[in-house]
Amino acid sequence: MAPVATTDSAPSTTAASNGIAQRKAEAQALINPFYTPTLESDDKDDDYPYAEFKPYFPKVHWDPLEDFAVTDRALRADPSKKNLLSAASKVKHLTPAIGTVLKGIDLRQLSDTQKDELALLVAERGVVFFRDQEIDIHGQLDLARYWGKLHKHATTPIPRNGLEEVHVVYNDHSRRPDPQAFSKLQLWHSDVSYERQPPSTTSLKVISGPEYGGDTHWSSGYAVYSSLSPGFQRYLEGLTALHSAVAQADGARAAGLPVRRDPIETIHPVVRVHPVTGWKSVYVNHGFTRRIIGVPKAESDAILQFLFHQFAENPDFQARFHWKPNSIAIWDNRVVNHSATFDFWPARRHALRATPHGERPLSVEEFEKQTGRQAKDRLVDLQLSNGVAGDSGSGPKQYND
């Protein structure tokens with residue numbers, strides 16, 4: 001939580017103590033929309049058709065997560081993705097680096113072969129979008145469960161109907177974000193990256209949303225990696241970083257809400273390799289990455305801030321999506337960061353997320369040792385596949401607009 005400045009002037013111990021207590025109370029009153037879950041208070045609209053999916057915080061305690069084996073379904077996919085793409089009425093890439101819209105696909109009707117190919121498309125493009133999807137939350141969970149064991153979030157709300165594997169995103173006019181409590185940079189994240197086996201092919205469906213505003217941005221870790229100099233790439237490949245759940249747990253407690261699983265901190269490689277594409281991706285995010293291990297703090301801070309800003313501020317790496325009811329985004333948390341816009345108050349924005357676990361993140365060295373494959377730079381790989389020999393460089397040598 002951001003500190004709140006006060007003007008204590010009395011020198012006495014009592015006055016100082018009162019000032020400290022006041023600052024703590026004021027700090028706790030600030031709501032950071034990233035670390036503090038949506039509160040159970042809402043607009044009290046009893047006629048709302050999706051009331052059963054409003055936020056609920058059961059007072060339960062779960063055991064720590066245990067490691068388990070993962071086999072990515074996309075490994076079985078036809079690289080051409082012909083079964084999936086031939087069923088679409090239109091395939092539209094949003095940018096060269098990230099984002100694809102598939103039209104004419106009904107997610108309820110996918111065969112296992114098409115699900116495998118969709119996982120591969122998401123792994124390659126970072127995020128894939130669908131409109132006008134009638135799939136309900138049970139179908140959404142089944143699709144996510146096909147791709148992996150489902151994650152249950154320790155602090156954020158589940159629906160009132162008790163579906164513990166559903167993450168609820170909900171805001172209405174009863175809760176107005178306080179811009180004093182956060183910066184937009186802070187909101188960029190990869191979901192629960194502090195877990196030992198963080199999420200893979202994740203889906204979010206908006207069931208109720210504003211006419212305008214409330215968009216989500218995604219930014220490609222592949223593209224961030226490709227933009228770096230070869231020397232800096234090699235340096236980052238040898239580093240690891242600490243990802244922490246502590247701030248999120250503290251945010252829940254500050255709001256008087258239960259923490260259902262004890263918070264953990266986990267060390268992951270700064271550059272991870274996707275197990276299917278074999279492409280290298282920068283794997284840090286402002287929401288959960290706290291420090292780089294084994295380097296001076298000033299160096300760690302400088303590197304992380306540089307990388308955070310690359311994700312958040314370079315439009316070449318990003319795709320933006322405007323939600324409509326029954327829109328679904330499916331993204332690969334292993335290779336993208338994302339951030340929502342909080343510009344839609346007092347409108348309601350309500351979405352449901354299903355989140356499968358992936359594998360433990362593998363460094364370049366670990367990936368190549370375990371698989372016998374060479375990890376690659378996505379941009380260089382695409383250049384070579386198009387008959388162009390070159391390095392990732394730092395962008396076009398000439399540019400006109």
To the nearest 0.5 Å, what is the distance between [atom1] on [X] and [atom2] on [Y]?
| X | Y | atom1 | atom2 | value |
| --- | --- | --- | --- | --- |
| Lys280 | Ser363 | NZ | OG | 10.5 Å |
| Ser300 | Arg290 | OG | CZ | 11.5 Å |
| Leu242 | Thr289 | CG | OG1 | 8.5 Å |
| Arg196 | Ile267 | CZ | CD1 | 10.5 Å |
| Arg76 | Leu120 | CZ | CG | 12.5 Å |
| Leu239 | Ile303 | CG | CD1 | 6.0 Å |

Side chains of [X] and [Y]: does their closest heavy-atom pair fall under 4.5 Å?
| X | Y | value |
| --- | --- | --- |
| Val246 | Tyr194 | no |
| Trp218 | Phe321 | yes |
| Gln197 | Leu65 | no |
| Arg349 | Pro210 | yes |
| Thr201 | Arg73 | no |
| Arg272 | Phe367 | no |
| Leu84 | Leu110 | yes |
| Tyr56 | Val168 | no |

Set of residues satisfying salt bridge (Lys or Arg N to Asp or Glu O under 4.0 Å) with respect to [X], sequence neighbours excluded:
| X | result |
| --- | --- |
| Arg234 | none |
| Asp262 | none |
| Arg291 | none |

Output yes when a side-chain donor or acceptor of [X] lies under 3.5 Å from a complementary backbone atom of [Y], and no otherwise.
| X | Y | answer |
| --- | --- | --- |
| His322 | Glu211 | yes |
| Asp172 | Ser174 | yes |
| Gln114 | Asn83 | yes |
| Thr266 | His243 | no |
| Glu368 | Ala375 | yes |
| Asn386 | Leu382 | yes |
| Ser190 | Asn333 | yes |
| Lys205 | Gln133 | yes |
| Ser226 | Ala223 | no |

Residues, nucleotides or ligands: over 12 heavy atoms within 6.0 Å of [X] [atom1]:
| X | atom1 | result |
| --- | --- | --- |
| Gln305 | CD | yes |
| Lys152 | NZ | yes |
| Lys92 | NZ | no |

Would you check if there is a donor-acceptor pair between the side chains of Tyr212 and Asp343 at a distance under 3.5 Å?
-> no

Looking only at side chains, do Asn337 and Asn285 share a donor and an acceptor under 3.5 Å apart?
-> no

Mind listing the closest non-hydrogen atom pair of [X] and [Y] along with its distance?
| X | Y | answer |
| --- | --- | --- |
| Ala252 | Pro258 | CB-O, 4.3 Å |
| Val273 | Val364 | CG2-CA, 3.7 Å |
| Pro198 | Val192 | CB-O, 4.0 Å |
| Leu362 | Gln370 | CD2-NE2, 3.7 Å |
| Leu102 | Ala88 | CD2-CB, 4.4 Å |
| Ile328 | Ile330 | CG2-CG1, 3.9 Å |

Run the side chain to side chain contact (heavy atoms under 4.5 Å, CB included) check on Tyr225 and Val335 step by step: do they pass?
-> CA-CA 10 Å; Tyr225 177 88; Val335 297; over 6 Å; no

Ring pair (Phe, Tyr, Trp, His ring centres under 6.0 Å) pairs touching residues 59-116, sequence neighbours excluded, are Phe68-His357

Tyr222 and Trp279: aromatic ring centres closer than 6.0 Å?
-> yes

Sub-6.0 Å ring centroid separation between His189 and His286 | no

Who pairs with His167 by side chain to side chain donor-acceptor pair (under 3.5 Å), at least two apart in sequence or on another chain?
-> Thr156

Only counting residues at least two apart or in another chain, list the ones meeting side chain to side chain donor-acceptor pair (under 3.5 Å) with Asp132.
-> none

Under the side chain to side chain contact (heavy atoms under 4.5 Å, CB included) rule, what do Asn171 and Trp345 come out as? Steps first, then yes or no, please.
-> CA-CA 8 Å; Asn171 278 278; Trp345 186 86; over 6 Å; no

Determine, step by step, whether Arg378 and Asp381 satisfy the salt bridge (charged side-chain N to carboxylate O under 4.0 Å, His left out) criterion, reporting the C-alpha distance in whole Å, the side-chain angles of both residues, the deciding distance to 0.1 Å, and the verdict.
-> CA-CA 5 Å; Arg378 173 187 176 273; Asp381 200 28; over 6 Å; no

Give the intermediate values and the outcome of salt bridge (charged side-chain N to carboxylate O under 4.0 Å, His left out) for residues Glu124 and Lys81.
-> CA-CA 11 Å; Glu124 293 174 347; Lys81 299 173 284 291; 2.8 Å; yes

Of the options His151, His153, Arg353, which is the one that meets Asp191 in a side-chain hydrogen bond (donor to acceptor under 3.5 Å, both in side chains)?
-> Arg353

Please confirm whether Arg348 makes a cation-pi placement over Tyr48, using NZ or CZ under 6.0 Å from the six-membered ring centre and within 45° of the ring normal.
-> yes

Under the side chain to side chain contact (heavy atoms under 4.5 Å, CB included) rule, what do Arg334 and Asp72 come out as? Steps first, then yes or no, please.
-> CA-CA 12 Å; Arg334 295 169 290 191; Asp72 198 302; 2.9 Å; yes

Option among Val127, Val122, Val276 that satisfies the side-chain contact (heavy atoms from CB on, under 4.5 Å) test with Asp332 = Val122

Would you call Arg260 and Glu164 a salt bridge, taking side-chain N to carboxylate O under 4.0 Å as the test?
-> no

Would you check, one step at a time, whether the test side chain to side chain contact (heavy atoms under 4.5 Å, CB included) holds for Leu185 with His309?
-> CA-CA 7 Å; Leu185 181 66; His309 280 275; 3.6 Å; yes

